[in-house]
Protein chains: 2
Amino acid sequence: MARKISDSTVRRLSRYLRRLRNLDRQEVKVVSSRELAESTGTTAAQVRKDLSHFGSFGKRGHGYAVPELRVRLEEILGLTRRWRVAVLGVGKIGSALLGYGFFAQRGFDVVAAFDSDRTKIGWELSGVRVQPLSELEPTFVDREISIAIIATPVEAAQEVATRAVRAGARAILNFAPIKLHLSPDVAVREMDVTLELEGLCYMVTAAGSAAEDIE
Amino acid sequence: MARKISDSTVRRLSRYLRRLRNLDRQEVKVVSSRELAESTGTTAAQVRKDLSHFGSFGKRGHGYAVPELRVRLEEILGLTRRWRVAVLGVGKIGSALLGYGFFAQRGFDVVAAFDSDRTKIGWELSGVRVQPLSELEPTFVDREISIAIIATPVEAAQEVATRAVRAGARAILNFAPIKLHLSPDVAVREMDVTLELEGLCYMVTAAGSAAEDIE
DNA sequence: ATCTTCTTGTGCTACCTTTCACAAGCGAGA
DNA sequence: TCTCGCTTGTGAAAGGTAGCACAAGAAGAT
Ligand SMILES: NC(=O)c1ccc[n+]([C@@H]2O[C@H](COP(=O)([O-])OP(=O)(O)OC[C@H]3O[C@@H](n4cnc5c(N)ncnc54)[C@H](O)[C@@H]3O)[C@@H](O)[C@H]2O)c1
Ligand SMILES: NC(=O)c1ccc[n+]([C@@H]2O[C@H](COP(=O)([O-])OP(=O)(O)OC[C@H]3O[C@@H](n4cnc5c(N)ncnc54)[C@H](O)[C@@H]3O)[C@@H](O)[C@H]2O)c1
């Protein structure tokens, strides 16, 4: 597993896994690269290429065994363990995330939540108590929290992210619309709704003006 | 503007714009490709190349005029108009989005919200009344809604997306963890938290095993 | 046992994206 | 006006990603 796997490959692997988990629940035993491609929005060749980076999991003329491939993908993505997650900022987005049932199903345990608002501290949402920021560092260490989800206002995002990383977080999922400046060995992913909406606007606008070109 | 601009370029343009809007608010007049690159997580050459697809907006030896470049990027991305948006599914995520103040600031007006839950219909959140699904089609037509945000449970996502498109939506922002199957002239972007978390797990795990390799 | 049918795994190719490197150009200051 | 320092815009090179096409191999039918 020495090769460097690209971000887009990892994203696709995650989509394959999502599909495989559904198939497994439906007790489907076998799936072909073509079927997997169709339900994840890619091509059969791409599926096979992606998987081939990690070994040969399929049977020629037959396809892939669903439970086996599922497990292999979970191993590859590092999902055979559970991950402890903290939510930083318990506002609109933060509390939606605390109530998100799929996390536990997928191996993520939200075990802590922090907010700077005194009136929110002590609240219990979905079994998690909202703690003051002063407890961030000891809680990250004690509970071995690896992933921090940033859901504070944009002004506070950099600061709480830095604190989370110093306290031991190895990965950050950032909902605030700002590029975080962190050590390069910390994994960061952004969830920026406005950026996605703007992308959609470009696509719609560009499609429109391309149509004009043809006329 | 005949050339096809890649998705990753559009994403970066959106980041540049975000930065330019902040600089503009701070009344900064000029910015160099290097500064822009630093605050958006890319390289100076990349910034210049991205912009060069659309023309020459800078002054050599000087940099880019912030307000001008901002306007040019807004034109390119199709953001000189306002966009009407509907939220489908007013649950945890849907109501967080309805309360998100940045949308209006960035040119997006959430003008409608729909839910299948009778008890929610008639609620008013952030000035938007929750409507029954039966009103989806007429409302999309009357209010010329171009963008639908899907925030229903995953089981309902495909159906409401299809309805939104039939009713005139040109773009879909999908929060449900499923690949939507829609006409290729509809722009789609996914917001999948679990997928991003899994990506983070891979990065953390891969970094760990790479470190072992060195030992 | 052989043939047919199907699907995988992969080398090769084509395309696309990013980086490099530098001439061209602008403004400030002498 | 001329020179100097700085930054843009861009062709060319490098690096990476996706698609094609087919040999290899497995299972089931005859
Ligand atoms: N609401 C949305 O739909 C939405 C969508 C996309 C992105 N976002 C982004 O997500 C972030 C949160 O948005 P929101 O709508 O939930 O905001 P919000 O105001 O509802 O919640 C923010 C919470 O963070 C807390 N907070 C403030 N400073 C803090 C600090 N230093 N440490 C810890 N907590 C702190 C506040 O007390 C509040 O509870 C923002 O950056 C926003 O831009 C929100
Ligand atoms: N809560 C989160 O933090 C979170 C995070 C990521 C993704 N998601 C995804 O976003 C979607 C919504 O999640 P949520 O937590 O807000 O769920 P939720 O159950 O709180 O809300 C879903 C809402 O959709 C409504 N609904 C159901 N069927 C509908 C239909 N056919 N048409 C219109 N409305 C319908 C329900 O009445 C409910 O109000 C889900 O697909 C979920 O997987 C949620």
Side-chain angles (χ1 to χ4, degrees), chain A residues 1-16 19-20 23 28-70 72-73 76 184 199 202-203 206, chain B residues 1-16 19-20 23 28-66 68-70 72-73 76 179 184 199 202-203 206:
Chain A
M1 216 193 279
R3 192 154 12 179
K4 219 198 133 206
I5 301 304
S6 78
D7 214 60
S8 38
T9 302
V10 175
R11 284 197 143 74
R12 284 191 301 269
L13 292 176
S14 204
R15 291 198 172 89
Y16 306 153
R19 183 66 185 143
L20 285 164
L23 291 171
V28 175
K29 295 299 175 208
V30 171
V31 68
S32 69
S33 57
R34 186 178 38 75
E35 291 170 296
L36 218 39
E38 226 157 80
S39 55
T40 55
T42 183
T43 64
Q46 185 71 74
V47 171
R48 296 199 297 273
K49 198 28 96 51
D50 287 339
L51 296 176
S52 77
H53 292 132
F54 303 94
S56 306
F57 311 132
K59 278 186 188 163
R60 295 175 185 221
H62 199 233
Y64 299 88
V66 171
E68 278 83 345
L69 184 57
R70 174 196 167 153
R72 282 301 288 127
L73 283 181
I76 289 163
Y202 174 81
M203 293 192 242
Chain B
M1 218 194 274
R3 192 156 10 179
K4 220 199 131 201
I5 302 303
S6 77
D7 214 62
S8 38
T9 303
V10 175
R11 285 197 142 75
R12 283 191 301 268
L13 292 176
S14 203
R15 291 198 173 89
Y16 305 153
R19 182 66 185 145
L20 286 163
L23 290 170
V28 175
K29 296 297 175 210
V30 171
V31 68
S32 68
S33 57
R34 188 177 36 74
E35 291 169 297
L36 217 40
E38 226 157 82
S39 55
T40 56
T42 182
T43 65
Q46 184 72 77
V47 172
R48 296 199 297 273
K49 180 70 90 184
D50 286 341
L51 297 177
S52 76
H53 293 132
F54 302 94
S56 305
F57 311 130
K59 278 185 187 164
R60 294 172 187 228
H62 200 234
Y64 300 87
V66 171
E68 279 83 343
L69 185 57
R70 174 195 164 151
R72 286 299 289 126
L73 283 181
I76 291 164
K179 170 84 195 171
Y202 175 80
M203 292 191 242

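In the text below, chain A, chain B and the rest are named by the order of the sequence lines, each starting its count at 1. All heavy atoms count here, side chains included; hydrogens, waters and symmetry mates do not.
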Euclidean distance, atom NE2 of residue B:His62 to atom P of D:dT7 [Å, nearest integer]: 10 Å
Note, A:Val47 side chain near A:Arg34 side chain (heavy atom, < 4.5 Å): no
d(CG, B:Leu51; C1', D:dG9) in whole Å: 10 Å
Short side-chain N/O contact to C:dC26 OP1/OP2 from B:Tyr64, under 4.0 Å: no
A:Ser32 side-chain proximity, nearest of C:dT17, D:dG9, C:dT7: C:dT7
Nearest-Å distance for atom pair CZ/P, residues A:Arg11 and D:dG16: 19 Å
Passing option when A:Glu35 is tested against A:Ser33, A:Ser39, A:Ser32 for side-chain hydrogen bond (donor to acceptor under 3.5 Å, both in side chains): A:Ser32
Closest nucleotide among D:dA21, D:dA12, D:dT17 to the A:Ala45 side chain: D:dA21
Distance, rounded to the nearest Å, where A:His53 contributes NE2 and D:dA18 contributes P: 9 Å
Separation of C:dT8 P from A:Tyr16 OH (nearest whole Å): 12 Å
Between D:dC4 (P) and B:Arg60 (CZ): distance, integer Å: 20 Å
Side-chain donor-acceptor contact under 3.5 Å, B:Arg19 with B:Thr40: no
Minimum-distance nucleotide to B:Arg34 side chain [options: D:dG9, D:dC20, D:dT7]: D:dT7
Base of D:dG19 paired with side chain of A:Lys49 (donor-acceptor, under 3.5 Å): yes
Minimum-distance nucleotide (side-chain atoms of B:Gln46 versus C:dA21, C:dT18, D:dG19): C:dT18
Atom pair distance, as rounded to whole Å: CG in A:Leu69 and P in C:dT8: 11 Å
Given C:dT17, D:dT17, C:dT10, the nucleotide with the shortest approach to the side chain of B:Ser6: C:dT17
Close side-chain approach of B:Ile5 and B:Ile76, heavy atoms under 4.5 Å: no
Validation row: B:Asp50, B:Thr42 side chains within 4.5 angstrom (heavy atoms): no
Among C:dG27, C:dG9, C:dT8, the nucleotide that comes nearest once only the side chain of B:Lys59 is considered: C:dG27
Sugar-phosphate, base or nothing in reach of B:Thr43, heavy atoms under 4.0 Å: sugar-phosphate
A:Asp7 CG to D:dA18 C1', straight-line distance once rounded to whole Å: 16 Å
